[in-house]
Amino acid sequence: MYWYCLTHNKVEGEDDGCADRQRLGPYATREEAQAALAKVEERNDVWDEDPAWNDDPDPAA
């Protein structure tokens with residue numbers, strides 16, 4: 001298993017690295033962990049466009 005460390009901006013293995021609260025994961029592969037921030041950004045973009053999650057005032061109202 002692999003994690004992406006938000007403190008050091010790098011992939012960490014199961015036995016090395018920072019505390020879980022500072023990491024994203026676990027991921028099955030190193031490549032998946034390396035893409036963690038891109039996945040977070042992609043999900044945030046989807047949620048920003050979802051009316052159920054979007055609490056910004058409607059500019060047309």
- Query: Roughly how far, to the nearest 0.5 Å, is the CG atom of L37 from the CD atom of E42?
  - Reply: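 Answer for the CD-CG pair, E42 versus L37, is 12.5 Å.
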- Message: Using 0.5 Å steps for rounding, measure from the CG atom of D48 to the CZ atom of R43.
- Response: 14.0 Å
- Message: Checking the side chain of R23 only, and the main-chain atoms of C18 only, is there a donor and an acceptor separated by less than 3.5 Å?
- Response: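 Yes, R23 side chain to C18 backbone: donor-acceptor pair under 3.5 Å.
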- Message: Donor-acceptor check, side chain of D16 to backbone of G13, threshold 3.5 angstrom: yes or no?
- Response: yes
Shortest non-hydrogen contact between [X] and [Y], atoms and distance:
{"X": "T29", "Y": "Y2", "result": "C-CD1, 3.4 Å"}
{"X": "Y27", "Y": "W3", "result": "CD1-CA, 4.5 Å"}
{"X": "A28", "Y": "E32", "result": "N-OE1, 3.3 Å"}
{"X": "E12", "Y": "G17", "result": "OE1-CA, 3.1 Å"}

- Could you state whether V40 and Y4 fall into the same hydrophobic cluster, counting links through intermediate Ile, Leu, Val, Met, Phe, Trp or Tyr residues with side-chain heavy atoms under 4.5 angstrom apart?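 Linked, V40 and Y4 end up in one cluster.
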- Any residue meeting side chain to side chain contact (heavy atoms under 4.5 Å, CB included) with A19, in chain and number order, not counting sequence neighbours: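 With neighbours one apart ignored, the set is R21, Q22.
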